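Small disclaimer: the values here were computed from a predicted structure and weren't measured.
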Amino acid sequence: MSESYCFIDALLKRPVSRTPVWFMRQAGRYLPEYRQVRQRAGSFMSLCTHPELACEVTLQPLRRFRLDAAILFSDILTIPDAMGLGLAFKEGEGPCFERPVRSAEDIERLPAIDPEADLGYVMDAVRLIRRELNGKIPLIGFAGSPWTLATYMVEGGSSRDFRRVKTLMYQRPELMSRLLDKLSLAVADYLNAQIAAGAQAVMLFDTWGGVLTPVDYRNFSLEAARKVRQRLNTEKDGGRIPTILFTKGGGQWLEAQSRAGFDALGLDWTCDIGQARRRVGGQVALQGNLDPITLFAPPEVIRDRVADVLRGYGPGTGHVFNLGHGILPTVEPAHVEAMVEAVHELSPPLHR
């Protein structure tokens, strides 16, 4: 594969000449050009649901930085929105649902979704972005994990203690399993539709898996993610579509995650990446894991911390450089450039 596709090669643990780099939320509010498009769109969901605008903001960071992957601009809550829960974004509160899922009847009423019919704007954006990229770098598609979607659907929005969703899980585990099974099927169908539309890698964001106990993580979050992975169509046009699982706060479960069938695991910044590499024993690639707050430091400090991550992983392929979570909106773009350029400068010796 060409140098432009070192991201795919690293995920599949093929030799690369340098460590590829991209970062979560790379299209977003830290860029002034994004804010201009967002203002023109009128709302966040309008930005997501207009393929031309979603394409534009997806491409914006690629014009500034030497990144090795584009990631579709969308939101993890598109599936529950398509299920009719009434998604809205309130200033200062984040996402919320008009019709949360709280009972067996609510769960049974959730419809199956047809990704092309119900979320066609996402597939149109994928096709448009692929056309605009013109083969220069690969495009990542993504979805929220079943457990993470369930937290928002049951809580009705963001939560500090996850009391409602955990209470449902403890009091009616069979209902929680039923909800997660429905969501596993929907997420797999959604990601398969993105792959069919042109996504060249897919990532499952398990943002809230880390709030669970070890046994509940395995039985609910990871099991649902495994079911998604089993249903994915990862062979296309004679090549592989790599898959990535990212569980924020899930570093204590890397061994179990590495057996779930994904090609790569995302790490948050609380993991020692060298120890993580030894723990997974070469079974999967690793993605991460610079602390996002590092980008508020001076460029020379950013460079040193990039070096620490690269040195921590060590020589050889199987590493995609990323932040340990999404970039924050008040980061200076010049500091992002310092990070990206440090990866380009410092990683080649690790691949000789």
Side-chain angles (χ1 to χ4, degrees), residues 72 74-85 87 97 100-119 122-123 140-155 162 165-166 168-170 172-196 199 201-212 215-235 241-248 250 253 256-266 284:
L72 166 70
S74 187
D75 191 78
I76 64 169
L77 298 178
T78 50
I79 288 175
D81 184 45
M83 288 177 164
L85 301 191
L87 175 63
F97 288 109
V101 174
R102 301 275 169 79
S103 67
E105 293 74 22
D106 292 338
I107 293 171
E108 290 308 313
R109 275 196 298 266
L110 291 172
I113 63 166
D114 178 336
E116 279 289 354
D118 301 320
L119 292 165
V122 176
M123 310 315 146
I140 307 167
F142 73 91
S145 74
W147 167 255
T148 290
L149 297 184
T151 67
Y152 286 102
M153 293 164 70
V154 175
E155 296 290 337
F162 302 91
V165 70
K166 285 188 173 185
L168 177 64
M169 178 184 70
Y170 290 136
R172 299 291 303 276
E174 76 285 357
L175 281 187
M176 179 55 67
S177 294
R178 174 65 176 149
L179 174 57
L180 292 173
D181 281 345
K182 280 198 162 193
L183 289 172
S184 295
L185 183 58
V187 169
D189 287 347
Y190 182 49
L191 290 176
N192 281 332
Q194 291 183 39
I195 290 168
V202 291
M203 183 165 172
L204 198 62
F205 283 90
D206 186 26
T207 309
W208 299 123
V211 306
L212 291 168
V215 66
D216 292 325
Y217 175 75
R218 289 192 299 272
N219 291 341
F220 294 98
S221 180
L222 188 59
E223 177 61 15
R226 187 186 64 79
K227 288 178 179 178
V228 171
R229 176 63 190 88
Q230 285 182 325
R231 295 186 176 110
L232 292 183
N233 302 323
T234 57
E235 302 294 327
I241 305 294
T243 57
I244 309 164
L245 172 65
F246 172 66
T247 300
K248 184 173 179 284
W253 306 311
Q257 291 171 26
S258 71
R259 296 189 292 270
F262 293 84
D263 296 292
L265 302 178
V284 292

Of the non-hydrogen atoms in G209 and S221, which two are nearest, and what is the gap between them?
CA-OG, 4.0 Å
Please determine whether side chain to side chain contact (heavy atoms under 4.5 Å, CB included) holds for the pair F97 and L87, giving the CA-CA distance in whole Å, both sets of side-chain angles, and the decisive distance to 0.1 Å.
CA-CA 5 Å; F97 288 109; L87 175 63; 3.7 Å; yes
If you measure from CE on M203 to CD1 on I76, what distance do you get to the nearest 0.5 Å?
11.0 Å
Return yes if some donor-acceptor pair links the side-chain N/O of T243 with the main-chain N/O of V202 below 3.5 Å, else return no.
no
Closest non-hydrogen atoms of F220 and S177, given as atom of the first, atom of the second and distance, are CE2-OG, 3.8 Å
For A143, is there any backbone N or O sitting under 3.5 Å from a side-chain donor or acceptor partner on Q194?
no
Would you say R102's side chain and E155's backbone share a donor-acceptor pair under 3.5 angstrom?
yes
Working to the nearest 0.5 Å, report the span between CZ of R226 and CZ of R259.
12.0 Å
Does any non-hydrogen side-chain atom of N192 lie less than 4.5 Å from one of L232?
yes
Between I241 and N233, is the side chain to side chain contact (heavy atoms under 4.5 Å, CB included) condition met? List the steps.
CA-CA 8 Å; I241 305 294; N233 302 323; over 6 Å; no
Would you say the side-chain atoms of T148 pair up with the backbone N or O of W208, donor to acceptor, closer than 3.5 Å?
yes
For the residue pair L149 and L77, establish whether any side-chain heavy-atom pair is separated by less than 4.5 Å.
yes
Side chain to side chain contact (heavy atoms under 4.5 Å, CB included) between T234 and R229, intermediate numbers included:
CA-CA 9 Å; T234 57; R229 176 63 190 88; 3.6 Å; yes
Decide yes or no on side chain to side chain contact (heavy atoms under 4.5 Å, CB included) for I113 and D189, but give the supporting numbers first.
CA-CA 8 Å; I113 63 166; D189 287 347; 5.8 Å; no
For residues Q257 and G250, report the shortest heavy-atom separation together with the two atoms involved.
NE2-O, 2.9 Å
Any idea which heavy atoms bring L175 and A104 closest together, and the distance?
CD2-CB, 3.6 Å
pair S258-L265: side-chain heavy atoms closer than 4.5 Å:
yes
The reported gap from CD in E105 to CD1 in I107 (rounded to nearest 0.5 angstrom) is 9.0 Å
To the nearest 0.5 Å, what is the distance between CD on E223 and CG on D216?
13.0 Å
Would you compute the distance between atom CE of M176 and atom CG of L168 and round it to the nearest 0.5 angstrom?
4.0 Å
Is there side-chain contact between M153 and L110, with heavy atoms separated by less than 4.5 Å?
yes
Do V154 and L179 come close enough that some side-chain heavy atom pair is under 4.5 Å?
yes
Taking C-beta and beyond as the side chain, do L119 and I79 meet within less than 4.5 Å on heavy atoms?
yes
So L222 and W253, do their side chains get closer than 4.5 Å, heavy atoms only?
no
What distance do D75 atom CG and F142 atom CZ have between them, rounded to the nearest 0.5 Å?
6.5 Å
Do the charged groups of D106 and R109 touch, with an N to O distance under 4.0 Å?
yes
Which pair of non-hydrogen atoms, one from S145 and one from D206, has the smallest distance, and what is that distance?
OG-OD1, 2.8 Å
Is the side chain of K227 donor-acceptor paired with the backbone N or O of D181 at a distance under 3.5 Å, no angle test?
no
Got M169 and L212 here, is their nearest side-chain heavy-atom distance under 4.5 Å?
yes
For W147 and Y217, which I'm curious about, is there any donor-acceptor pair between the side chains at under 3.5 Å?
no
Closest non-hydrogen atoms of L204 and G144, given as atom of the first, atom of the second and distance, are CD1-O, 3.7 Å
